[in-house]
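A note on names: the letters A, B, ... follow the listed sequences, proteins ahead of strands, and every chain is numbered from 1.
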Amino acid sequence: KNEVEQSPQNLTAQEGEFITINCSYSVGISALHWLQQHPGGGIVSLFMLSSGKKKHGRLIATINIQEKHSSLHITASHPRDSAVYICAVRTGTASKLTFGTGTRLQVTL
Amino acid sequence: DAGVIQSPRHEVTEMGQEVTLRCKPISGHDYLFWYRQTMMRGLELLIYFNNNVPIDDSGMPEDRFSAKMPNASFSTLKIQPSEPRDSAVYFCASRNHSSYEQYFGPGTRLTVT
């Protein structure tokens, strides 16, 4: 069993739909990161959180430390949101990230 | 700032050849990470440096892989000899000491035939 599990693996949505991507982990963490990988391959950091909730535009990330679970929500989805979304966890004071296998999202018109 | 710069963007080589991937981190960043991404295993950390010193190389697959950081603005990842199973996208990322947010380069797509 991987330390970081994401679901679903693949997700297709219509434009405007509310999207939720889930991430569960099995170890104690100091922080959780959400990354976005564009179809061209580039990776950008979306959120880094250790508690509660963060919001940036139409993206919202939440984390429940007790349940070892995080969600990434996209409101009013758009085709430009089509990408792979990757969850990663960091433990202790180390810099090392352990990654989930990613969720491939496609938003259609 | 130009962001993290990697070269080459694509590399095709024959099995047994030496491959060198290059990375220039964002100026002022004192952490540098090398990752490998494959369909089967996703993103994996190979090695990371802090202030040019290797801190954790536990992800380096075997002795065929080596990484160096001779100065704060340059790092290399070398594979010698290369094998078809090394085919992957290799990412370099950097961050500074005051934030754990990492900035990724565009990656090098390596194909070993």
*asked:* Hydrophobic cluster membership, with links at side-chain heavy-atom distances under 4.5 Å among I/L/V/M/F/W/Y: are B/F91 and A/L97 in one?
replied: yes

_Within the supplied structure, the quantity of interest is the number of heavy atoms (other residues, nucleotides, ligands) at a distance under 6.0 Å from B/E14 CD; does it exceed 12?_
no

Table up the donor-acceptor pairs between chain B and chain A that sit under 3.5 Å, atom names plus distance.
unit_1 : atom_1 : unit_2 : atom_2 : d
B/Q37  : OE1    : A/Q37  : NE2    : 2.9
B/Q37  : NE2    : A/Q37  : OE1    : 2.8
B/R95  : NH2    : A/S95  : OG     : 2.5
B/Y100 : OH     : A/T93  : O      : 3.4

_From A/L35 atom CG to B/L43 atom CG, the distance as rounded to the nearest 0.5 Å_ = 7.5 Å

*If Ile, Leu, Val, Met, Phe, Trp and Tyr residues are connected whenever their side-chain heavy atoms lie under 4.5 Å apart, and connections chain through other members, are A/L49 and A/L59 in the same group?*
yes

*Do A/V44 and B/V4 share a hydrophobic cluster (ILVMFWY, side-chain heavy atoms under 4.5 Å, transitive)?*
no

_Cluster overlap B/V12 with B/L21, hydrophobic side-chain contacts below 4.5 Å_ = no

*Can B/L46 be reached from B/I79 by stepping across I, L, V, M, F, W or Y side chains whose heavy atoms are under 4.5 Å apart?*
yes

*Identify the heavy atoms of B/F104 and A/I43 that sit nearest to each other, and give their distance.*
CB-O, 3.5 Å

